[in-house]
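This report concerns only the one structure given below.
So that the names make sense, note that chain A is the first sequence line, chain B the second, and so on, each numbered from 1. Computed from a predicted structure; not experimentally measured.
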Number of protein chains: 2
Amino acid sequence: MAEKPYNCGIGPAFEVIGGKWKAVILWELNNQTRRFGELKRLVVGISEKMLIQQLRELEEDGLISRKMFNEIPPRVEYSTTSLGDSLNIALAPLADWGGNYAKLHDKK
Amino acid sequence: MAEKPYNCGIGPAFEVIGGKWKAVILWELNNQTRRFGELKRLVVGISEKMLIQQLRELEEDGLISRKMFNEIPPRVEYSTTSLGDSLNIALAPLADWGGNYAKLHDKK
DNA sequence: TAAGGTGCATACCAAAAGGTAAGAATTGGA
DNA sequence: TCCAATTCTTACCTTTTGGTATGCACCTTA
């Protein structure tokens with residue numbers, strides 16, 4: 001998933017938050033800092049490998065930032081950047097739509 | 001890409017418009033009916049196979065409708081349903097965001 | 001001494017998504 | 001007669017994505 005050019009913004013947006021997990025992860029970081037373990041619990045069904053991989057890519061794209069504390073056991077906190085915040089705002093209507101759609105299609 | 005449950009609407013939404021093409025296709029149908037060939041030209045880079053496949057799935061999910069005319073050569077027109085319209089509305093902020101993001105990252 | 005909590009990394013594999021190429025059906029027109 | 005236009009199908013393949021399993025490093029606590 002990496003093509004150009006696009007005649008609208010949908011293409012670039014999906015390059016950044018496409019895939020199964022990224023939007024959900026970013027959404028969990030909306031307005032709150034989360035530890036790695038927290039995210040693992042919140043994002044139901046994700047494996048550690050995927051979580052790390054997606055967090056790295058979100059970081060590379062400037063959507064989230066990572067803060068590491070030199071403690072034992074280790075502690076790492078993830079939070080959105082201002083760019084990530086702006087994306088979350090843009091995702092909100094889509095999340096609403098998805099919520100309604102899920103209700104209509106009786107997904108428990 | 002087909003899991004449940006989700007704790008937010010982002011999951012279901014991405015089940016429906018996830019992937020490389022669907023959102024772009026739906027976007028091209030925003031407020032206008034398009035023929036198959038038109039879409040092929042508008043959605044830059046898509047193959048016929050992908051276009052048909054994605055159109056079929058969008059139809060199954062109730063987002064677009066297909067009108068076939070018994071003419072030779074054949075003519076088929078695609079347009080959004082009201083559900084598809086509501087999704088396009090929800091996608092608009094994301095498209096805006098993507099447009100800005102693309103500018104910032106000098107993707108020509 | 002052993003086990004557990006944390007945040008990773010890595011190797012290997014399976015599944016899904018996407019791409020390429022070819023062809024089918026129909027009729028009008030050169 | 002042969003080709004063009006249009007929508008769609010099919011077979012085959014490559015790439016991407018995601019999943020499972022395992023291990024590491026460090027310290028705390030039992």
Side-chain angles (χ1 to χ4, degrees), chain A residues 1-6 10-26 28-29 33-61 64-79, chain B residues 1-6 10-26 28-29 33-61 64-79:
Chain A
M1 197 148 25
E3 294 308 314
K4 290 180 281 184
Y6 299 109
I10 285 288
F14 270 72
E15 265 190 40
V16 175
I17 33 126
K20 192 174 174 180
W21 300 114
K22 282 183 186 170
V24 180
I25 294 171
L26 195 70
E28 290 293 346
L29 294 176
T33 292
R34 301 277 198 194
R35 297 188 56 177
F36 179 84
E38 274 184 293
L39 288 173
K40 204 175 86 181
R41 265 173 280 122
L42 288 167
V43 182
V44 180
I46 198 171
S47 67
E48 292 194 345
K49 173 196 156 190
M50 274 297 118
L51 182 52
I52 293 173
Q53 199 174 96
Q54 307 301 301
L55 285 169
R56 293 276 178 279
E57 293 180 18
L58 287 169
E59 205 189 349
E60 277 173 24
D61 288 330
I64 67 173
S65 69
R66 195 180 103 109
K67 223 165 280 175
M68 193 175 46
F69 299 84
N70 279 332
E71 304 175 358
I72 296 292
R75 180 160 66 105
V76 180
E77 289 184 349
Y78 295 90
S79 55
Chain B
M1 198 155 9
E3 295 308 316
K4 291 180 283 185
Y6 298 110
I10 285 290
F14 270 72
E15 266 189 41
V16 175
I17 33 124
K20 192 174 176 180
W21 301 114
K22 283 185 185 169
V24 181
I25 294 171
L26 194 70
E28 290 295 346
L29 293 177
T33 290
R34 302 274 198 195
R35 296 188 56 177
F36 179 83
E38 275 183 292
L39 288 172
K40 203 174 88 178
R41 267 172 278 121
L42 288 166
V43 181
V44 181
I46 199 170
S47 67
E48 293 193 343
K49 172 197 154 188
M50 273 296 117
L51 182 52
I52 293 173
Q53 200 174 96
Q54 307 300 301
L55 286 170
R56 292 276 178 278
E57 294 180 16
L58 288 169
E59 205 189 349
E60 278 173 23
D61 288 329
I64 67 173
S65 68
R66 196 181 102 107
K67 222 167 281 176
M68 191 175 46
F69 300 83
N70 278 333
E71 303 176 359
I72 295 291
R75 179 159 67 104
V76 180
E77 291 184 350
Y78 294 90
S79 55

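- Residue B:Q53 holds its CD atom at 8.5 Å from NZ of B:K22, rounded to the nearest 0.5 Å.
- Within 4.0 Å of A:Y78, counting heavy atoms only, lie sugar-phosphate atoms of the nucleic acid but no base atom.
- Atom pair B:E77:CD and D:dT7:P shows a separation of 10 Å (rounding to whole Å applied).
- Across the protein-nucleic acid pair, A:R75 atom CZ and C:dC8 atom C1' stand 17 Å apart, rounded to whole Å.
- Put simply, B:K40 has no side-chain N or O that comes within less than 4.0 Å of OP1 or OP2 on D:dT6.
- Taking every heavy atom of residues 45-60 of chain B and every atom of DNA chain D, pairs under 4.0 Å involve B:E48, B:K49, B:I52, B:R56, by number.
- Proximity of B:R35 to the phosphate of D:dT6: no side-chain N or O atom is located under 4.0 Å from OP1 or OP2.
- Atom pair B:K67:NZ and D:dT7:P shows a separation of 16 Å (rounding to whole Å applied).
- Atom CD1 of B:I64 and atom CZ of B:R56 lie 9.0 Å apart (nearest 0.5 Å).
- Computed from coordinates, the A:W21 CH2 to D:dG18 C1' distance equals 9 Å when rounded to whole Å.
- In this structure, CD1 of A:I72 is placed 13 Å from P of D:dT29, rounded to the nearest angstrom.
- Taking CZ of B:R41 as the reference point, atom CZ of B:R35 lies at 8.5 Å (rounded to 0.5 Å).
- Pairs passing the salt bridge (Lys or Arg N to Asp or Glu O under 4.0 Å) check and including a residue from residues 65-75 of chain A, sequence neighbours excluded, read A:E71-A:R75, A:R75-A:E77.
- Spacing between atom CD of A:E15 and atom P of D:dT17 amounts to 10 Å, rounded to whole angstrom units.
- The distance from atom CG of B:D61 to atom CG of B:L26, rounded to the nearest 0.5 Å, is 11.0 Å.
- Atom NZ in A:K20 sits roughly 13 Å away from atom C1' in C:dA14 (whole-Å rounding).
- The distance from atom CZ of A:R34 to atom OG of A:S79, rounded to the nearest 0.5 Å, is 12.0 Å.
- Separation of atoms CG (B:L29) and CG (B:L58) is listed at 8.0 Å; rounding is to 0.5 Å.
- Of the candidate nucleotides C:dG19, D:dT7, C:dG7, D:dT7 has the atom lying nearest to any side-chain atom of B:F36.
- With rounding to whole Å, A:F14 atom CZ is found 17 Å from D:dT16 atom C1'.
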